[in-house]
Amino acid sequence: MTVTCRFILFRVAPAAALAVLVGPAGAHKDPVTPQQLSTYQQVFMEQVRKGDLLFHGDAATEKEMAVVLSNTGMACAMCHPMTADTHPATFPKYQVQMAKFATLRDMINWCIEKPNQGEKIADDSEAMKALEAYIYWSQSGTVLNPGKF
Ligand code: HEC
């Protein structure tokens, strides 16, 4: 791969090379209108809101999403107030508890199954996406530090 790229950059005139590099990437980067931006932000904040409710053990939201995140009466927020110690910016990383290389989603499920004794949720479920959105939103501005132990 590296060899091919070097070859192309070497052989093609600089302007053409730039067009090749910028062209495809720019094609799907149409400017976003303020209306679109507002819609996209609303979609995100709606997920954050749902994740916030799940994280605080809201029974109605769990029922609506058909998940059982805890059977101990403990909600995520009781051990992780304001998402403390969830360290989203450090994933993926080696996780000692699971003795494997893990994603944030793996660790969310670990907490659901172990301390919470709840029922594991699918990686691509609405509940997982909402929890992830809430955790990341809560830790906005944190510098990414993947792999940090
Ligand atoms: C009874 C307390 C308790 C509850 C409730 C709990 N956790 Fe945890 N959580 C822990 C402990 C203990 C760890 C491991 C801390 C460590 O070793 O880094 C942890 C770790 C995590 C981590 C990974 C942090 C890291 O850097 O490795 C995430 C993410 C997480 N919890 C999310 C959740 C979510 C989401 C919920 C609710 C579904 C939840 N937790 C509920 C105790 C709890």
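Fair warning: this is a prediction, and the values are worked out from it, not measured in the lab. Side-chain atoms are counted along with the backbone in the values below, which use heavy atoms only and exclude waters and symmetry mates. As the structure lists them, so they are numbered: ligands from 1, and atoms in each ligand from 1.
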Using a heavy-atom cut-off of under 4.0 Å, does the side chain or the backbone of [X] touch ligand 1, or both, or neither?
X: A75; value: backbone
X: N116; value: side chain
X: D85; value: backbone
X: I112; value: side chain
X: Q97; value: side chain
X: K114; value: neither

Side chains of [X] and [Y], heavy atoms from C-beta outward: is any pair under 4.5 Å?
X: F91; Y: R105; value: no
X: D123; Y: N109; value: yes
X: K50; Y: M65; value: yes
X: Q139; Y: H87; value: no
X: V96; Y: F149; value: yes
X: W110; Y: Q95; value: no
X: I112; Y: V67; value: no

Quick one: look up the protein heavy atom nearest [atom] and list residue, atom name and how far away it is.
atom: atom 39 (C) of ligand 1; result: C111 CB, 3.3 Å
atom: atom 4 (C) of ligand 1; result: C79 SG, 3.3 Å
atom: atom 27 (O) of ligand 1; result: Q95 NE2, 2.9 Å

Margin query: Treating S138 as the side-chain partner and Y134 as the backbone partner, does any N or O pair qualify as donor plus acceptor under 3.5 Å?
Written below: yes
Check: Is the backbone N or O of T103 less than 3.5 Å from a side-chain atom of D106, with the two atoms forming a donor-acceptor pair by type?
Finding: yes
Check: Do T90 and ligand 1 have an N or O pair less than 3.5 Å apart?
Finding: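 No.
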Checklist line | Sub-3.5 Å N/O-N/O distance, W110 and ligand 1 | finding: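 N/O-N/O distance under 3.5 Å: no.
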Next item on the list: Evaluate the 4.0 Å heavy atom contact test for atom 20 (C) of ligand 1: does a protein atom fall under the cut-off?
Entry: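 True for atom 20 (C) of ligand 1.
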Checklist line | Residue C76, metal atom 8 (Fe) of ligand 1, N/O/S under 2.8 Å | finding: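 Given the 2.8 Å cut-off, C76 does not count as a ligand of atom 8 (Fe) of ligand 1.
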Notebook entry, point to check: Does H80 put an N, O or S atom under 2.8 Å from atom 8 (Fe) of ligand 1?
Noted result: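 Here the distance criterion (N, O or S atom, under 2.8 Å) is met by H80, so yes.
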Note to self: I'd like to know if E132 pairs up with K129 as an ion pair, taking the criterion as any Lys NZ or Arg NE/NH1/NH2 lying under 4.0 Å from an Asp or Glu carboxylate oxygen.
What the structure shows: no
Margin query: Using a 4.0 Å cut-off to any heavy atom of K93, which atoms of ligand 1 qualify?
Written below: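 Numbered from 1, ligand 1 contributes 25 (C), 26 (O), 27 (O).
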Check: For ligand 1, is there an atom lying under 4.0 Å from some heavy atom of L104?
Finding: yes
Notebook entry, point to check: Closer than 4.0 angstrom: is that true for some heavy atom of G118 and an atom of ligand 1?
Noted result: no
Next item on the list: Check N116 against T72 and note the closest heavy-atom contact, atom names and distance.
Entry: O-CG2, 3.5 Å
Next item on the list: Give the single entry among Q117, M107, M98 that approaches atom 28 (C) of ligand 1 most closely by any heavy atom.
Entry: M107
